[in-house]
Structure formats: structure tokens, C-alpha cells
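Below you'll find the structure, written out as C-alpha cells, and then a few comments.
Each chain gets a letter, A, B and so on, in the order the sequences are listed, and its residues count up from 1. All values derive from a computational prediction rather than experimental measurement.
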Amino acid sequence: MPHRFADQLSAYLDDELDLPRRRRLEAHLAECADCSALLADLRAIVAAAPGYSGRGPSRDLWSDIERRLDEPEVVPIGPALRPSGGPTVRRFSLPQLIAASLVMAALGGGATWLVSHGKPSDRPTVQLSDLAVRVPDSTKTVAYAESQYDSAVHDLEQLLAAGRSRLDTATVRTVEQSLQKIDTAIAEARAAIQRDPANGYLSRQIAANMRRKLNLLRAATNAIAART
Amino acid sequence: MYLLSTLALLTTALPQGGSDTTVSVSQGTRLRVENQGGDIVVHAWDKNQVRIQASHNRRTHVNVRLTGAVLSLEANADRGPANMVDYELTVPSWMPLKLGGMYATVSVDGSKAPIEIQTLEGDITVKGGAETVKLGSVQGKIVVSGVRGRLELNSVSEDLEASDIQGDIVAETVSGDLILRNIVAKSVEVESVSGELYFDGRIMDAGHYSLLTHSGEIYFSVAEGSNATISTAIGSGDVKASFALPVSERPSRRRQSYRLGNGSASVELETFSGDINLLRPGELSGRLDRLMRAREERESERAQRKRDKKPDHDDDHDHDGSF
């Protein structure tokens, strides 16, 4: 877990970090080539497509939670909230954070198993760490990142399904239940962010949970590979 | 290219299978053990020697190899894959450890060195460790105490418990709870999807404390006289405090900010569908004591049920009925 500062890069670029956190992040950036590279990639994304709005969620699970709210609309709980008339705040969209998240997962080795061990489907699989540099246009990059995420998850899920008999049934059950919890969290946050697109907290949560899912699938399929 | 040293080994073969080997090592040597199945128990002593006691069946052998500055242990079998090996290791307290396994329960006691442990299924217990301690398990509980350095924890389904830690902490779970007690850290960053998060420690001036969970509760202790800016974000839960909070600097019920003292430390508490509970340290430690007692009772019952299960007739620890 060496790249926890990645979640703060968006706020850093928007000059929203308080001084202590900004100093901590800058100290980390001075030492961490990976985060510095990610920051540079994200700057490029911002410069290339400032108006990109992202994709909407496919289903709405927010209603259950919303019923319990005593306020008519969901108040942003991310740091993006600013008084009207203040400086324009541009935060990373969800796909941009997904791209960043996937790059971070790849930096942690998240996609190397697919590359080094082959893949079950015919769809092309690439090093996820290449995402931010191969496609200069940010809209393409983030869309590409999300489709690559879906592709990587699909491939890893197939590997898990094919090799599950090699793992202890309790382990498989744990992995599948955990994946379900992560999916639920992603779906709920996706639905909530549809109502509240500027919510930085939700965007970070979605990106973090997508990274978590990829890493869990990777751990499970690596375990299968080790048992083969 | 690497150097493969010839080791001076003092090995005793045990009649029931297994071995007892002692290796002399020099300062700077690291230990690496990858165990497919079985326990790894590590104790520390002040000798520059590693004692390797291994229990396994007769067709399995443990190879002890020094490659460069890495002392590694690996189990092989006469035919087929190696079977279960239970290791009991005694190592110099200065020796960095890298231990792991698929189905391995790992415990380390008395180390004053960096430790890295990764298991797929199996509990991890660590007392001690320094510089950087990294512990991870997909399906195992992690209990760690006495670390003097950075602590990184990662679990999927089981709980993480860290106590008496002096150093920064980064921790993550999917569904397990995360309990931090007696923590002295400038930086604490913990996340969970559905687990509950507990922090009972000191808020240091200019420190950073971030606890994020999607659907769990957060319990955070705030000592009187703390200098902190506490930012809370909730979806459908509430912020509850057992003491009087100052007026929030934000008007929103969903996102609030409280300045205590000079506000120098940054505390971020966020949960999508749980409550945030701010308590005094004594209140939280009392709550945690009760929680731990209840868990110990549950675990004791679970262990008893496990012991009552079908015995391992072939005595090779895998309960499969074959050798």
C-alpha cells in the first residue's frame, strides 16, 4: 500500500489541501517517483479535457439511503464544496480517478499477472501502467481506462471461476463475499454520485474500491496460479 | 548472478520426521520462508544464529539456503509436492523477516527488525518489529503489538488489531473491523468497505488521521486538550460525541468541521452509511475491553468447535484422509 497519497492528488491540483497536508504530500512527491509520475499524468488529463463530465451510473441504489435523509438533497461531503461566486473548482471526474486508480493498481503489480501468464479471452490485454502515457487525449484515456478495468476484472473473474476448485472452499467463499461487498459499495456510491457529481469523497471511494476489487482478484488468481 | 554460500549446518534428524538445524549468520542477513501449509512460529534471541525446527512427514525435506544476504527455507518432497511443514524458528532479534504461505498461521515474538508477512489463509500474530512492518492476509486475523516504526496492514475478511504502536499506520480491510489501541503516530490512514474502525490513541500536533469506511461505524477517541481540526463526512448516519463539541465551521449536517484547541492536527472521518462516534479515551478503551472480551469468548467457542471436528486420521495435518 505504498501509494495512499494518490487520493490527495486531485485536491492538491485544485489547491484545496490545507498547509500541513500539502507539505506532507509534497514531501512524499519528492521521494516517490510513482506518485510524481501519476501527478504529471493527471495534470495532462486536466489540461487536455477540462470539461469532461464522466459517465453516469447504470442503476440507482441511492434511494434507500436517501429515504433516511432529512435534507432534500445530498450535500457534497467531498472537499469540493465552495461558496457560489468563488473560484471555479475543477475536480477529477470519476473516470479520471478510475484511470488514476488503475495506474496505481498496475504500479502495484495489479496487471502483470495477466500479461505474464496469458489470458482466457481473446480480447487484447495490455499493461495498465501504460494507460496514461499511450493515449494523450484525456477523454480517450479515461474511457480506455474504464474499459480496461472492466476487461481486467472480467479476465480475472474468469480465471477465478476456472481455478476456484484449487482453492479452499472457505477462501473462495470469502473472496466472493468480499467482491460482492465491494461491488455493492461501488454501486451505491455510483448511484449517489449521479445526484452529486462534485462529491470528491464519493469519487475517491469508487476509485479506491475499484482498485481494491482488482487487487483482491489479483491475489485470488495468484493463489490459484501458485497451486497449479 | 548470486552467491550461493555453503552453510555450516548442525542438523539433527528427528525420528518421527522433521529436523532441528542451527545456522550461524552475520549481521545484515535476512530470513525468507515460504510455507505452502503449516505454522511458522518465530522467536527472537540475542545470538547470531538461526535455529530451525521443522516438523513434517518423512518424505519431505527442508532445504536451508543462503543466497547473498538472504537465508531461505524451502520444503521439497521425494516425489510430488511438499506436504505440510510446521516451523519453529529462533532468530537474531536484528534479523529482517519475510514470511508467507498459502495456508499458514504465522506468529513472531520479540523481533526488533523489519517484518513482512503475507498469507492467503491463516492468522498472523506479531509482537515487536521495527522500521517497517507489513502484514497481509486474505482470510486471516491479524494481531500486532509493540511495533516501533511504520505499520502497514491489509486484510480482506478478518479483523485487524494493532496495539502499543509507535509509528505511522496505513491499514485496509474489506469486511473486517480495524481496531487501533494505544497508538502514538503522526499519520494514521485506515480504510474499510464494511468494517468498523476504532482509533484509541493520541492526537499529535500537526498529525494526520484519516478513517474512511463505506458502511461501517467509526469510533475515534479525542483526549481533552487535543489540538485538532476534525472533519466529518456522513451519508445517512450521524455524528455523535460524548462531550461538547464546538460549533461546526460548516453549515452542512452531512459535512462538518470542528476546531479543537489550535486545530493543528488534521482528522478526517468519513462513512457513507454508518455513524461517527467521538469519545474520550477512557470511554473508548472501556468499550473496546468489552468488545475484546466478547470476541475472545466467540473465538474460544469457534476453536472448540474446530477441535470437535473430524480427526486427521493420516496425521499429515490436511484432513484429507490420504498421505
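- The minimum heavy-atom distance between B:Tyr103 and A:Asp168, with the atom names listed, is OH-N, 3.0 Å.
- Residue contact with chain A, scored on non-hydrogen atoms closer than 4.5 Å, involves the side chain of B:Ser194 exclusively.
- With a 4.5 angstrom heavy-atom cutoff, A:Arg23 does not touch chain B via any of its atoms.
- Here OG of B:Ser157 is found 8.5 Å from CD of A:Gln177. Values are rounded to the nearest 0.5 Å.
- Residues B:Phe272 and A:Glu188 are in side-chain contact: their nearest non-hydrogen atoms beyond the backbone lie under 4.5 Å apart.
- Within a 6.0 Å sphere centred on CZ of A:Arg22, other residues, nucleotides and ligands contribute more than 12 heavy atoms.
- Neither the backbone nor the side chain of A:Ala220 comes within contact range of chain B; no heavy atoms are under 4.5 Å apart.
- Interface remark: B:Glu34 contributes no atoms to any contact with chain A (heavy atom separation under 4.5 Å).
- A salt bridge links B:Glu172 with A:Arg211: the distance from a Lys NZ or Arg NE/NH1/NH2 to an Asp or Glu carboxylate oxygen falls below 4.0 Å.
- B:Glu161 is linked by a salt bridge (charged side-chain N to carboxylate O under 4.0 Å, His left out) to B:Lys141, counting only residues two or more places apart in sequence or in another chain.
- Between B:Met102 and A:Ala223, the shortest heavy-atom distance links the atoms CE-O, 3.4 Å.
- Chain A forms the most heavy-atom pairs under 4.5 Å with one residue out of B:Gln118, B:Glu158, B:Glu268, and that residue is B:Glu268.
- Proximity to chain A is limited to the backbone of B:Thr213, based on heavy atoms less than 4.5 angstrom apart.
- Residues forming a salt bridge (charged side-chain N to carboxylate O under 4.0 Å, His left out) with B:Lys186 (at least two apart in sequence, or on another chain): none.
- When all heavy atoms of A:Ala208 and B:Glu191 are compared, the closest pair comes out as CB-OE1, 3.9 Å.
- Within a 6.0 Å radius of CZ in B:Arg32, other residues, nucleotides and ligands contribute 12 heavy atoms or fewer.
- Minimum interatomic distance between B:Ser175 and A:Lys181 (heavy atoms only, all atoms of both residues): CB-NZ, 3.3 Å.
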*Quick one: do A:Asn215 and B:Asn154 satisfy side chain to side chain contact (heavy atoms under 4.5 Å, CB included)? Show the steps, please.*
CA-CA 11 Å; A:Asn215 284 340; B:Asn154 194 319; over 6 Å; no

